[in-house]
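All remarks here apply to the structure that follows.
Below, all heavy atoms of this structure are taken into account, side chains as well, without hydrogens, waters or symmetry copies. We number each residue from 1, following the sequence as shown. Everything numeric in this text was worked out from a predicted model, so none of it was measured. As the structure lists them, so they are numbered: ligands from 1, and atoms in each ligand from 1.
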Amino acid sequence: MRTVVIGSGSWGTALAQVLQDNHQEVLVYGVAEAEVNDINENHKNSKYFEDVELNPELKATTDIQCVKGADIVLLAVPTIAIDPICHQINDLLDKKTIIINVSKGFHPETNERMSEVIRRCIDEDKLSSVVSLIGPSHAEEVVIRLLTTIDAISLNNEDAVTVQNLFSNQYLRIYTGNDEIGSELGVAIKNVMAIASGILSGLGYQDNTRAALITRGLQEMIRYGVHFGGQQKTFMGLTGIGDLIVTCTSVHSRNFEAGYQIGKENSVENFFKNNTKTVEGVRTAKIVHRVAKENGIDMPICEEVYQILFNGKLPSDCAQDLMIRDLKKEF
Ligand SMILES: NC(=O)C1=CN([C@@H]2O[C@H](COP(=O)(O)OP(=O)(O)OC[C@H]3O[C@@H](n4cnc5c(N)ncnc54)[C@H](OP(=O)(O)O)[C@@H]3O)[C@@H](O)[C@H]2O)C=CC1
Ligand SMILES: O=C(CO)COP(=O)(O)O
């Protein structure tokens with residue numbers, strides 16, 4: 001099986017290295033020449049991983065033609081780039097290909113999940129199926145081979161098992177599943193919760209508050225996911241509580257880090273002025289606000305994050321407002 005990884009950022013590099021470690025045929029395609037040269041010449045991707053020595057066999061290219069003849073294409077670009085990238089590669093694919101999605105979020109205009117975007121953009125005769133390879137996994141840890149478990153989620157079980165076998169090894173364990181809706185909604189919305197968790201930490205709140213955020217945040221994820229056809233049990237798994245924990249508690253999380261700065265400064269101004277990182281939860285907060293309103297889904301934590309990011313509400317006021325809402329039963 002020949003795999004092309006589109007995106008020479010942090011997750012693309014870490015996942016390509018997994019395949020290289022597994023002695024699979026793999027090539028990274030990147031738009032940034034500096035990243036591609038760094039991988040080929042120095043066996044590093046210093047922009048994302050500083051001094052980490054990559055598998056020296058790993059190779060990268062800036063030539064998109066490399067997609068031709070691929071059995072598997074793994075898309076490791078931000079959600080906003082999935083639609084244009086799919087249109088770009090559609091003309092180059094020459095057989096039924098497994099497309100692996102690892103992005104967490106929604107299409108910025110249509111609200112589609114990533115699998116839906118890919119199925120819309122890739123011709124039916126060129127697509128075997130979409131497999132979402134998602135779960136609690138910071139690239140910074142996978143790239144140094146720390147033990148990690150994630151899911152290969154697909155409507156096509158055979159392709160999910162193919163991906164499971166290709167990527168699994170002694171430091172990465174892949175489970176399969178078929179609840180595409182529940183899984184993709186879980187990993188998208190947890191990014192909003194990670195921003196909330198960072199905000200609360202930046203404001204000075206500690207362990208009790210984070211436990212409350214994770215527990216009540218999970219209820220919001222379930223409410224939203226089940227409304228759109230996801231299975232409740234999925235949210236108890238790697239793409240639900242698993243991914244929620246890892247991003248709400250980790251210094252590696254860019255969503256948490258963004259929230260932390262916003263909470264610390266009690267303002268979004270500097271974040272929006274200076275941020276250059278992929279912080280998917282920001283766009284997701286906007287979409288969840290819109291969709292939840294249209295569908296009458298109660299998402300109080302997501303709504304406060306939206307108000308902070310886009311309506312100028314003070315983070316400290318949001319934390320207090322969540323506490324003084326009408327009292328109710330837990331379940
Ligand atoms: N990093 C992680 O630990 C994890 C990330 N994810 C998800 O993976 C997705 C990708 O994130 P991640 O790798 O972290 O992001 P990064 O910011 O680390 O890297 C993104 C890469 O995509 C490139 N890129 C952007 N637009 C295009 C395009 N149109 N064509 C080709 N390349 C493009 C960027 O190039 P340039 O440098 O030139 O901007 C960069 O190399 C996100 O949805 C994220 O939520 C999921 C699990 C773990
Ligand atoms: O999705 C992730 C870990 O599972 C990565 O989180 P961040 O995008 O917040 O860094």
Side-chain angles (χ1 to χ4, degrees), residues 4-18 28-39 45-49 60-64 66-67 73-89 100-108 113-114 117-118 121 132-144 146 148-151 167 172 183-184 186-198 238-261 275-285:
V4 171
V5 173
I6 306 273
S8 55
S10 48
W11 201 209
T13 303
L15 285 171
Q17 179 175 255
V18 171
V28 177
Y29 161 78
V31 280
E33 213 161 309
E35 289 162 26
V36 167
N37 290 342
D38 205 15
I39 292 171
N45 193 340
S46 322
K47 177 175 171 190
Y48 299 99
F49 302 124
T61 178
T62 53
D63 183 3
I64 191 69
C66 66
V67 164
V73 175
L74 185 154
L75 305 176
V77 293
T79 49
I80 198 165
I82 294 287
D83 186 317
I85 274 285
C86 283
H87 280 110
Q88 195 181 354
I89 65 169
I100 302 181
N101 160 62
V102 300
S103 299
K104 296 174 174 175
F106 301 97
H107 187 286
R113 290 179 288 102
M114 289 299 103
V117 177
I118 295 165
C121 298
S132 279
L133 192 56
I134 45 180
S137 50
H138 288 301
E140 294 84 349
E141 297 189 6
V142 173
V143 83
I144 55 168
L146 299 184
T148 301
T149 57
I150 53 177
D151 280 341
F167 281 84
L172 185 63
S183 299
E184 291 185 11
V187 299
I189 300 172
K190 66 85 195 179
N191 281 334
V192 184
M193 298 305 168
I195 294 177
S197 182
L238 293 169
T239 58
I241 185 72
D243 213 351
L244 184 63
I245 290 172
V246 89
T247 24
C248 284
T249 62
S250 171
V251 287
H252 294 311
S253 167
R254 295 156 296 189
N255 288 283
F256 180 91
E257 188 192 8
Y260 187 83
Q261 180 189 357
N275 177 61
T276 55
K277 292 187 178 174
T278 301
V279 182
E280 294 280 20
V282 173
R283 267 192 303 274
T284 299

Give the atom numbers and elements of ligand 1 that come within less than 4.0 Å of a heavy atom of E280.
42 (C), 43 (O), 45 (O)
Looking at H138, which atoms of ligand 2 are within less than 4.0 Å of one of its heavy atoms?
3 (C), 5 (C), 6 (O)
Give the numbers and elements of all ligand 1 atoms closer than 4.0 Å to a heavy atom of V102.
6 (N), 7 (C), 8 (O), 46 (C)
Out of G9, S10, A34, S137, who is nearest to atom 12 (P) of ligand 1 when you count heavy atoms only?
S10
Should we count CD of E33 as having more than 12 external heavy atoms under 6.0 Å?
no
The protein heavy atom nearest to atom 25 (C) of ligand 1 is P78 CD, 3.7 Å
Which atoms from ligand 2 have a heavy atom of H252 less than 4.0 Å away?
10 (O)
For residues 242-256, the salt bridge (charged side-chain N to carboxylate O under 4.0 Å, His left out) pairs (sequence neighbours left out) are K104-D243, K190-D243
heavy-atom search around atom 33 (C) of ligand 1 in the protein gives V77 CG1, 3.5 Å
Restricting to heavy atoms, the pick from A32, S103, A81, S8 nearest atom 27 (C) of ligand 1 would be A81
Which atoms of ligand 2 are found less than 4.0 Å from any heavy atom of D243?
3 (C), 4 (O)
Quick test of your reading of the structure: of E35, H252, H138, whose heavy atom lies closest to atom 36 (P) of ligand 1?
E35
Could you check whether any side-chain N or O of S103 sits under 3.5 Å from a backbone N or O of V77, counting only pairs where one atom can act as donor and the other as acceptor?
yes
Just to confirm my output: which protein heavy-atom neighbour is closest to atom 40 (C) of ligand 1, and how far is it?
Y48 OH, 3.6 Å
For residues F106 and T284, determine if any side-chain heavy atom of one lies less than 4.5 Å from a side-chain heavy atom of the other.
yes
Short list, please: which atoms of ligand 1 are under 4.0 Å from a heavy atom of K104?
43 (O), 45 (O), 46 (C), 47 (C)
Would you mind checking which non-hydrogen protein atom is closest to atom 6 (O) of ligand 2, with the distance to 0.1 Å?
T247 CG2, 3.3 Å
Please identify which atoms of ligand 2 are closer than 4.0 Å to at least one heavy atom of K104.
1 (O), 2 (C), 3 (C), 4 (O)
Any idea which protein heavy atom is nearest atom 13 (O) of ligand 1, and the distance to it?
W11 N, 3.1 Å
Taking the side chain from Q17 and the backbone from V143, do they hold a donor-acceptor pair closer than 3.5 Å?
yes
Do S132 and V102 come within less than 4.5 Å of each other through their side chains, counting heavy atoms only?
no
Atoms of ligand 1 under 4.0 Å from any heavy atom of A139, numbered from 1 in the order shown, are 1 (N), 2 (C), 3 (O)
What are the atoms of ligand 2, with element, lying closer than 4.0 Å to any heavy atom of N255?
7 (P), 8 (O), 9 (O)
For the side chain to side chain contact (heavy atoms under 4.5 Å, CB included) test, which of L74, V28, I82, V67 pairs with I6?
V67
To atom 10 (O) of ligand 2, the nearest of E257, R254, K190 on a heavy-atom basis is R254
Minimum distance, heavy atoms only, to atom 44 (C) of ligand 1: which one of K47, K277, R254 is it?
R254
Kindly compute the distance separating CE (M193) from CG (N255), expressed to the nearest 0.5 Å.
12.0 Å
Taking N or O atoms only and a 3.5 Å limit, does T278 qualify as a polar contact for ligand 2?
no
Of all the heavy atoms in A194, does at least one lie under 4.0 Å from an atom in ligand 2?
no
Quick check on contacts: which atoms of ligand 2 are under 4.0 angstrom from a heavy atom of G135?
4 (O)
